[in-house]
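Following this message is one structure expressed as structure tokens.
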Amino acid sequence: MLFGLIAVMLLAAASAFLSLSEISLAASSRVKLRPLAEKGSLQAARVLSFQDQPGLFFTTVQIGLNFVAILAGIVGDASFAPLILERLPEAIPGPVRAQIASALPFFGVTIFFVVFADQIPKRIAMAIPEGTSVRTIDGMRRLIFFCGPIARMLNAVSSAIYSLMGFPEKRKDDITSDDLYAMVEAGTVAGVLRKQEKDLIGNVFELDVRTVPSAMTARESIVYFDLHEDEISIKDKIAQEAHSTYLVCDKDIDHIIGYVDSKELLERVIKGQRLALDDGLEIRPPLILPDTLTLAEAMDHFKGRGETLAVVLNEYALVVGIITLQDIMLMLMGRLVGEEEQITKRDDTSWLLEGATPIEDVKHVLRLDAFPDEENYETIGGFMTYMLRRIPHRMDFVTYGGHKFEVMDLESYRIGQILVTRLSVGAPNGAEGADATPPQSGAAPAGNADEGEK
């Protein structure tokens, strides 16, 4: 009986080793193993190699597990069945006593193997897969060498069947932005990353999604100088709107000549020189960007030209805004430029938004996943115009995502402010305003414009 106990425990240890090796290899992250391999860890490099071609590894594991399980059943029956048979009551018929004597060791050994040779090792391997795989890989290499011929034969058969089924031979380790988001979220929940760091990483991902208009200074907010503007007017503009750079145009903003640095203007004032723009003042040619670029592409253009300011044009070569490298950097370090000024939280259920607030910032504040057809507009004002299918009037509103968006102020047909109110659960969607589905062509205009005008 002692021999049987020792043999079963040794076989259970062998089965536990095989289970550890199998699960740890499958669960190990290549992202974590590569740095170890680059630092000279031979075991990590071997794990990566087996992950590339895991067929022989798993075949050997299965051979070992089945061999150990069969041998444990034989040892258990031979060691414990006679002892149990001797202790069973004589009143039980002989054939029944024999079956009981064989069944009890079978169930006992099976339960022991399930707990100590399967469940516990696999849970350990799932908890620390990289460390476990690195520690067990050398032992598995020796076992693969020992089982080489039969393992290669079975692996060839299984690989042929696997190929006929059309499955890929290697697992794909492509990491998408969604995977990175999930890792960042998990790191934040675990306390590894702070919320500010999570927001910073999220903003980096948004560079490939957000377009230039979402971060630029809009056309109507641009302060520019006319090439022939008098000195008094230039000084007045500088006093009212202090900026580091100013555009220089010929008559109107759509005829841009370049831009001047405010430091040069200050230097002229200090030296008592005239501020005439056509009197030897250096006017630099601007970087021109289309409004369809993403912020990541805009950064590449800034880097390539060595500029810090760009003029944004639409498809008709009209100026729609300007963007600076600082605008993009401020977006990375916090929410988009001026969000604190563009979004004012009134209470827990209402916000006051500037009409030029980028739609991405609105989604962030209101915790909305998306707006309908948001590829058609950049700002919350554009959302209102798109949903209403006309130029909005004061007091027009749209309901979407459990929120009511109401126009509070207009400035020359441009939406100045929008009041957002969170609706109570079960409130009707689109009552007296535009609903979440844009009206089709020819549909009656949505909203309550008449009431607003009154």
Side-chain angles (χ1 to χ4, degrees), residues 6-76 109-110 112-176 179 183:
I6 295 174
V8 169
M9 291 179 68
L10 290 176
L11 290 171
S15 181
F17 172 80
L18 293 169
S19 296
L20 279 170
S21 302
E22 180 183 30
I23 299 302
S24 63
L25 182 80
S28 292
S29 169
R30 296 177 68 87
V31 175
K32 295 181 180 179
L33 288 172
R34 283 197 189 98
L36 296 176
E38 291 171 357
K39 291 179 181 178
S41 173
L42 184 59
Q43 287 76 18
R46 287 170 175 168
V47 173
L48 289 171
S49 176
F50 277 116
Q51 285 186 335
D52 289 333
Q53 297 291 337
L56 190 60
F57 186 97
F58 290 136
T59 301
T60 303
V61 168
Q62 291 306 311
I63 292 173
L65 287 173
N66 284 280
F67 176 79
V68 168
I70 294 171
L71 190 58
I74 295 172
V75 171
V109 171
T110 300
F112 181 79
F113 263 65
V114 168
V115 175
F116 293 100
D118 190 70
Q119 285 190 340
I120 293 177
K122 287 182 177 179
R123 292 177 69 175
I124 293 173
M126 288 296 295
I128 45 175
E130 292 79 23
T132 303
S133 62
V134 167
R135 288 177 174 81
T136 59
I137 194 64
D138 288 336
M140 280 302 303
R141 288 181 69 250
R142 296 186 187 97
L143 185 59
I144 290 171
F145 176 78
F146 180 76
C147 301
I150 187 171
R152 285 182 172 82
M153 181 186 69
L154 294 175
N155 181 53
V157 173
S158 62
S159 295
I161 298 174
Y162 191 75
S163 298
L164 289 174
M165 296 174 68
F167 292 108
E169 286 291 333
K170 298 181 182 180
R171 71 176 185 180
K172 293 183 178 181
D173 286 313
D174 298 337
I175 298 178
T176 65
D179 297 328
M183 292 173 63

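Throughout, residue positions are numbered sequentially from 1 according to the sequence presented.
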Practice task
Show your working on side-chain contact (heavy atoms from CB on, under 4.5 Å) between Leu33 and Val134 and close with a plain yes or no.
Solution key: CA-CA 9 Å; Leu33 288 172; Val134 167; 4.2 Å; yes
Problem - Non-neighbouring partners of Ile6 that pass side-chain contact (heavy atoms from CB on, under 4.5 Å), sequence neighbours left out - result: Leu2, Leu10
Exercise for the section: Report yes or no: does Ser49 contribute a side-chain atom to a donor-acceptor pair with the main-chain N or O of Ala45 at less than 3.5 Å? Expected result: no
Practice task
Please identify each residue that fulfils side-chain contact (heavy atoms from CB on, under 4.5 Å) with Ile70, with sequence neighbours left out.
Solution key: Ile74
Completion exercise
Closest non-hydrogen contact found for Asn155 with Gly55 is OD1-C, 3.1 Å
Practice task
Sort out for me which residue in Ile128, Thr136, Ile124 forms a side-chain contact (heavy atoms from CB on, under 4.5 Å) with Ser24.
Solution key: Thr136
Exercise for the section: May I ask you to check whether over 12 heavy atoms, not counting those of Ile150, lie within 6.0 Å of atom CD1? Expected result: no
Fill in the blank from the handout: Closest non-hydrogen atoms of Thr60 and Ala151, given as atom of the first, atom of the second and distance, are OG1-CB, 3.6 Å
Problem - Pairs involving residues 128-155, ordered by first then second residue, that meet salt bridge (Lys or Arg N to Asp or Glu O under 4.0 Å) (sequence neighbours left out) - result: Arg46-Asp138
Practice task
Output every pair passing salt bridge (Lys or Arg N to Asp or Glu O under 4.0 Å) with a member in residues 117-129, not counting sequence neighbours, ordered by first then second residue.
Solution key: Asp118-Lys122
Problem - Value rounded to 0.5 Å, distance of SG in Cys147 from CE in Met153 - result: 12.0 Å
Practice task
For the pair Glu22 (side chain) and Phe58 (backbone), establish whether a donor and an acceptor sit closer than 3.5 Å, ignoring hydrogens and angles.
Solution key: no
Practice task
Taking the side chain as every heavy atom from C-beta outward, state whether Leu154 and Gln62 have any pair of such atoms under 4.5 Å apart.
Solution key: no
Exercise for the section: Check ring pair (Phe, Tyr, Trp, His ring centres under 6.0 Å) between Phe50 and all other residues, then give those that pass, not counting sequence neighbours. Expected result: Phe57
Exercise for the section: Would you confirm whether Ser15, through its side chain, and Leu11, through its main-chain N or O, come within 3.5 Å as a donor-acceptor pair? Expected result: no
Handout entry: Student check: side-chain heavy atoms of Leu18 and Met140 closer than 4.5 Å
Key = yes
Problem - Non-hydrogen side-chain atoms of Val8 and Phe113 separated by less than 4.5 Å - result: yes
Problem - ring pair (Phe, Tyr, Trp, His ring centres under 6.0 Å) involving Phe112 - partner list, sequence neighbours excluded - result: Phe116
Practice task
Looking only at non-hydrogen atoms, find the nearest pair between Arg30 and Leu48 and report the distance.
Solution key: NH1-O, 3.5 Å
Fill in the blank from the handout: Of all heavy-atom pairs linking Pro121 and Leu20, the shortest is O-CD2, 3.0 Å
Completion exercise
All heavy atoms of Ser28 vs all of Ser133, minimum pair found to be OG-OG, 3.1 Å
